[in-house]
Amino acid sequence: MPLGQQLAPYVPFLRRYARALTGSQVEGDGRVRAALELIVSDPDSFPRSVDPRLGLYRVFQSVLAAATAIQQAAPAESEQVARVRLARIAPRSRQALLLTAMERFAPEDAAYLLDISPAELEALVAEALAEIDRQTRARVLIIEDEPIIAMDIESLVRDMGHEVTGVAVTRDEAVAFAHDDRPGLVLADIQLADDSSGIDAVRDILAEFHVPVIFITAFPERLLTGERPEPTFLITKPFQRQTVKTAISQALFFDQSTLPVV
């Protein structure tokens, strides 16, 4: 099978990783584009001794390290926020966290991607979790119609030290909760109890005020189309608790309202 066909299924998820890492769809896609262009220009250099997905992320990491991504003349607000936070956390630590928790690479594979030992990877992940936890606290609105899943997410959010403003099961209920008690973060399912859409609920909320959003869905490909503005943070069901924790930390990492006072 041609290399392009082997890599195609993994590109949407690499874009997810790049967006989560940079906090910007434009910058993240620019970095992915640079990696793909590098593969096209020199296919013989692609690491064929490993799984295609692992090889793709390895090339992306090399592009990241070489700083060959497209730069914007004026950074977006999320990038400005990130720069403030990045003064307090090493980028490699966030890469280690995202690769293991969000992209679900095995520790040995993540260590390979970062060209470090498993012990060094473990230390980086611990460092990232500790620093992000110190920097971010939020009030969270959960939009989820499955009671067991909603309870699990609520428990997880509270365990992280955040406050839950409400658990909505329909679009109208979600909008009402957000209007009555403005959240600092929204965790949203797509299909809701009355056949309404979590996407529409989020759209209604964002029409009123800015808030970071994390979508949770069994069908991530439906939102990773590249044809419209996409959610920066997207979690696949069934999810791992660490994945949700990582997404929450990263979403708040780029949010202006949770910047520490200095």
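Thr100 places no side-chain N or O within 3.5 Å of a backbone atom of Pro107 that could act as its donor or acceptor partner. Without hydrogens or angle criteria, Glu163 side chain to Val140 main chain gives no donor-acceptor distance under 3.5 Å. Although no hydrogens or angles enter the test, the distance criterion places no donor-acceptor pair under 3.5 Å between the side chain of Glu208 and the main chain of Ile205. The backbone N or O of Ala193 lies less than 3.5 Å from a partner atom in the side chain of Asp145, making a donor-acceptor pair. In this structure a side-chain-to-backbone donor-acceptor pair under 3.5 Å is present from Arg94 to Leu21. Remark: side-chain polar atoms of Tyr57 are paired, donor with acceptor, to backbone N or O of Leu14 under 3.5 angstrom.
Atom CD of Gln61 has more than 12 neighbouring heavy atoms from other residues, nucleotides or ligands inside a 6.0 Å radius.
The residues Glu127 and Arg92 are annotated as not salt-bridged, no charged nitrogen and carboxylate oxygen being separated by less than 4.0 angstrom. The residues Lys245 and Asp159 are annotated as not salt-bridged, no charged nitrogen and carboxylate oxygen being separated by less than 4.0 angstrom. Glu37 and Arg33 are not joined by a salt bridge, as no carboxylate oxygen comes within less than 4.0 angstrom of a charged side-chain nitrogen.
Connection of Leu121 to Leu64 is established within a shared hydrophobic cluster, with ILVMFWY side chains joined at heavy-atom distances below 4.5 Å, either directly or through further cluster members. Both Ile216 and Val167 belong to a common hydrophobic cluster when Ile, Leu, Val, Met, Phe, Trp and Tyr are linked at side-chain heavy-atom distances under 4.5 angstrom. Taking hydrophobic clusters as Ile, Leu, Val, Met, Phe, Trp and Tyr residues chained together by side-chain heavy-atom distances below 4.5 Å, Phe177 shares a cluster with Leu206. Both Val186 and Ile190 belong to a single network of hydrophobic side chains, linked directly or stepwise wherever heavy atoms of I, L, V, M, F, W or Y lie under 4.5 Å apart.
The structure places CG of Asp204 at 4.0 Å from CZ of Arg171, a figure rounded to the nearest 0.5 Å. Note that CZ of Phe239 and CZ of Arg104 are 9.5 Å apart. Values are rounded to the nearest 0.5 Å. Note that CG of Leu252 and CD1 of Ile214 are 7.0 Å apart. Values are rounded to the nearest 0.5 Å. Expressed to the nearest 0.5 Å, how far CG of Leu113 lies from OH of Tyr17 amounts to 7.5 Å. To the nearest 0.5 Å, the span separating CD1 on Ile199 from OG on Ser196 amounts to 11.0 Å. Between the CD atom of Gln95 and the CD atom of Glu103 there is a distance of 12.0 Å, given to the nearest 0.5 Å.
For the residue pair Pro52 and Gln6, the shortest heavy atom distance occurs at CG-OE1, 3.4 Å. Nearest heavy-atom pair, Ser93 versus Ala128, reported as atom, atom and distance to 0.1 Å: O-CB, 3.4 Å. Heavy atoms only, all atoms of each residue included: Ala174 and Ala201 are closest at CB-CB, 4.1 Å. Nearest approach of Val169 to Glu144, heavy atoms of both residues: CG1-O, 3.6 Å. Closest non-hydrogen pair, Ile116 versus Glu120, comes out as CB-OE1, 3.3 Å. For Leu99 against Ala110, the heavy-atom pair with the smallest separation is CB-CB, 4.1 Å.
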> Passes side chain to side chain contact (heavy atoms under 4.5 Å, CB included), Leu129 versus Leu97? Steps please.
Replying inline: CA-CA 8 Å; Leu129 288 171; Leu97 181 62; 3.6 Å; yes
>> Show, in sequence, the C-alpha distance, side-chain angles and deciding distance for Glu146 and Lys237, and conclude whether the salt bridge (Lys or Arg N to Asp or Glu O under 4.0 Å) test is met.
In response: CA-CA 12 Å; Glu146 292 288 342; Lys237 288 183 177 179; over 6 Å; no
> What's the verdict on side chain to side chain contact (heavy atoms under 4.5 Å, CB included) for Leu185 and Leu187, showing C-alpha distance, side-chain angles and the deciding distance?
Replying inline: CA-CA 7 Å; Leu185 175 69; Leu187 300 179; 4.3 Å; yes
>> Between Leu54 and Leu56, is the side chain to side chain contact (heavy atoms under 4.5 Å, CB included) condition met? List the steps.
In response: CA-CA 5 Å; Leu54 196 60; Leu56 176 62; over 6 Å; no
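The closest side-chain heavy-atom distance from Phe233 to Met102 is below 4.5 Å. Between Val59 and Phe46 the shortest side-chain heavy-atom distance falls below 4.5 Å. Side chains of Asp189 and Phe215 form no contact here, defined as non-hydrogen atoms less than 4.5 Å apart. The closest side-chain heavy-atom distance from Thr246 to Ile248 is not below 4.5 Å. The side-chain heavy atoms of Arg203 and Ser197, taken from C-beta on, include no pair separated by under 4.5 Å. Leu3 has its side chain within reach of Ile39: a pair of non-hydrogen atoms, C-beta onward, lies under 4.5 Å apart. Put simply, the side chain of Arg182 does not reach to within 4.5 Å of the side chain of Arg139, judged on heavy atoms. Looking at Arg16 and Leu98, their side chains never come closer than 4.5 Å, going by heavy atoms from C-beta outward.
Asp172 and Thr170 are not linked by any side-chain donor-acceptor pair at a separation below 3.5 angstrom, with hydrogens and angles left out of the test.
Scanning for side-chain hydrogen bond (donor to acceptor under 3.5 Å, both in side chains) contacts around Thr243 gives an empty result, with sequence neighbours left out.
For the pair Arg58 and Tyr112, the cation sits on the ring face: its NZ or CZ lies under 6.0 Å from the ring centre, inside 45° of the axis.
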Give every donor-acceptor pair under 3.5 Å between a side-chain atom in residues 147-156 and any protein atom, sequence neighbours left out.
unit_1	atom_1	unit_2	atom_2	d
Asp152	OD1	Arg241	NH1	2.4
Glu154	OE2	Arg158	NE	3.3
Glu154	OE2	Arg158	NH2	3.0

